[in-house]
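Each remark here refers to the structure printed beneath this line.
If you read the sequence from its start, that first residue is 1, and numbering goes on from there.
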Amino acid sequence: MGAYSKFLKKKLNFSRATGFFASACAVVLVVLHFLNLIHPWLAIVNIGYLIGMTFTSNVTCQDIKVGSPWQKFNAALAVIFYMLAIALLVCGFVLGELSV
């Protein structure tokens, strides 16, 4: 059981680190937006993606507990935020707010 415990601990720590990194990046994007250093559309799209990444990280963390409804809930929220990021990106290009 020692090897499996190490695997679960490593998986949990990776999930926590990913969530912390995504949250830190989102805070940096908000600060950059308020300092007018990046375009608002770019900040919003990236924050949506980072939130989706955090929910995806929670899904991998919660698969340890079999039958947990939170795993499905986090997976659904991850998909919603990824779709939101894509929709905002397309909307930004269509409205002419973003360009290549």
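Partners of Tyr82 according to the side-chain hydrogen bond (donor to acceptor under 3.5 Å, both in side chains) rule, which considers only residues two or more places apart in sequence or in another chain, are Thr56. Scanning for side-chain hydrogen bond (donor to acceptor under 3.5 Å, both in side chains) contacts around Thr54 gives an empty result, with sequence neighbours left out. Partners of Phe73 by ring pair (Phe, Tyr, Trp, His ring centres under 6.0 Å), not counting sequence neighbours, listed by chain and number: Trp70.
Side-chain contacts under 4.5 Å among hydrophobic residues (ILVMFWY), followed directly or transitively, place Met83 together with Val79.
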Name each donor-acceptor pair under 3.5 Å that joins a side chain in residues 32-51 to protein atoms two or more places apart or in another chain, with its distance.
unit_1	atom_1	unit_2	atom_2	d
His39	ND1	Trp41	N	3.2
His39	NE2	Glu97	O	3.2
Asn46	ND2	Leu42	O	3.1

Enumerate, atom names and distances included, each donor-acceptor pair closer than 3.5 Å involving a side-chain atom of residues 16-26, sequence neighbours excluded.
unit_1	atom_1	unit_2	atom_2	d
Thr18	OG1	Phe14	O	2.8
Ser23	OG	Gly19	O	2.9

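The cluster map of Ile, Leu, Val, Met, Phe, Trp and Tyr, joined by side-chain heavy atoms under 4.5 Å apart, puts Leu88 and Ile86 in different clusters. Hydrophobic clustering (ILVMFWY, side-chain heavy atoms < 4.5 Å, transitive): Val94 and Leu89 are in distinct clusters.
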